[in-house]
Each structure stands twice: as structure tokens, then as C-alpha cells.
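Start at 1 and go down the list; that is how both ligands and their atoms are numbered.
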Amino acid sequence: MPAVTLNGVQVEASQGTTILDLARQHGVWIPTLCYHPELSLNGSCRLCVVEVRGSRTLVGACHTPVAPNMVITTDSPAVLKSRRLTVELLLASHSGNCWSCDKANLCELRHIAVELDVGPLPITLRKPFRTLEALGAHVVRDPTKCVLCRRCVRACREIKGAGLLAIAYRGFSCKVIIGQDDADGDAACESCDVCVGVCPVGALSKRADRFVPKTGQPLVVAG
Ligand code: FES
């Protein structure tokens, strides 16, 4: 049971626990996007960064195991600055039409932006135009809302066992593709909806559920 310091408080952690797990056990909020408890670790979004004394860089809480005598700070100015910048960059390339988005107040990105006090960007950005795409017979993709967290890619491979999705291209063109990204790329998709269930934003939705009132607990507190 390594003893570590979490935000100035000495706590005990079980062997193999990650910083994220430890923080959650003690009610400390760390934002995550690519992390999902039912999926393998990916460490791609960098939203969960924390400060660890002695480390020259911020470390990802979701994939870093605690070590004896570790001194962890989850809310230092450097941590918050890094997280805010990450969210700003995500919002900069995000569709931005939250008011008409099917995910609305259930959107994890929106929730994180509110928690970190990141508002609309003060600049206008050119964004690539992308149309809605079908994913099998029952799923609709909106690539303008994708945050490239790869949860859907991992869910398709690890939960469904199909492995039909992948990340392809680079820069502005980077996106989730199905199959070879050609006309019949989704022929093997059974529209099992596993990918829809893990999407943190409104990039994936079931055709039948679009614009139907959602019953989930709203994540964003108004005000
Ligand atoms: Fe840790 Fe994405 S949640 S890197």
C-alpha cells in the first residue's frame, strides 16, 4: 500500500492504482475524454494531466500508476493552464452548434469546458466542411463533432470484436474511418451501437434516437 500525497493530503493507494483511480476514490475531479473504464488505456487526449513532484513534465493521470511517496497535485496553475488550452483547441475544431446538438447537456466536452471555465473562443476559425456520414444502417456520424478520442475505435475492437474502425489521415483531415474509407466500408457494420454508447460528444448517434428527448442526467449546471 504505497503512501502518496494527493493535493497536500497523505493517502494510501493499492498497488497498481493509477493516479486517476486514486483521485476518484478521494473525490478529486480530473477531466478525461479518451479514458473509458470499459476500454484499454489510450492516453491521447492529455486532459487528465497532473503535476508529480520531480517529474519534468505533466503526467497523464489515467495511465500513470502511483508510486510510493509520490506527491501529486491535480489543480496547480500549470495543470489548469494545460487543460484549458487542450479544451480550447478541441472547441476550436469542434462544430460549436451545441444548441441544436443531439447530445446537448449530456456532452462530456461541454461539461469539461464549463468546469474549466473555458468559453467560446474570441477568434473565428476556418473549419473543414464535413457532411454527415452513415455508419451501417442505423448509426449516423457527424465528423465535425468528433474529438478523436478513439473510444469508438477501441469499443468496436475490444467490446464488439469487430475492429472495423480506425483513425486515418493527418492534420485537419484526421478522422475516424470505417473499413478502407470507401463507399462500401460500412458493409460489415452491424449497427450494434457499441460505438454510440461510448462517444463522449455528439459525433455518433443512433438514427432512430436523433432529436428524441434524452433521459440522462444533464452534466452541465446552468448559471
Ligand atoms: Fe488521460 Fe485522455 S483521459 S490522456
- Result for side chain to side chain contact (heavy atoms under 4.5 Å, CB included) between Q25 and one of V11, L20, T17 points to T17

- Message: I need the single residue from V79, L116, L89 that forms a side chain to side chain contact (heavy atoms under 4.5 Å, CB included) with R84. Which is it?
- Response: L116

- Item | Short side-chain to backbone donor-acceptor contact, D75 and L80, under 3.5 Å | no

- Item | Within less than 2.8 Å of atom 1 (Fe) of ligand 1: protein N, O or S atom count | 2

Determine all donor-acceptor pairs shorter than 3.5 Å in which one atom belongs to a side chain in residues 52-71; sequence neighbours excluded.
| from | atom 1 | to | atom 2 | distance (Å) |
| --- | --- | --- | --- | --- |
| S55 | OG | T57 | N | 3.4 |
| S55 | OG | T57 | O | 2.7 |
| T64 | OG1 | G60 | O | 2.6 |

- Note on the structure: In short, C34 meets S44 closest at the heavy-atom pair SG-N, 3.4 Å

- Indicate, with yes or no, if L148 and L164 share a hydrophobic cluster defined by side-chain heavy-atom contacts under 4.5 Å among Ile, Leu, Val, Met, Phe, Trp and Tyr. yes

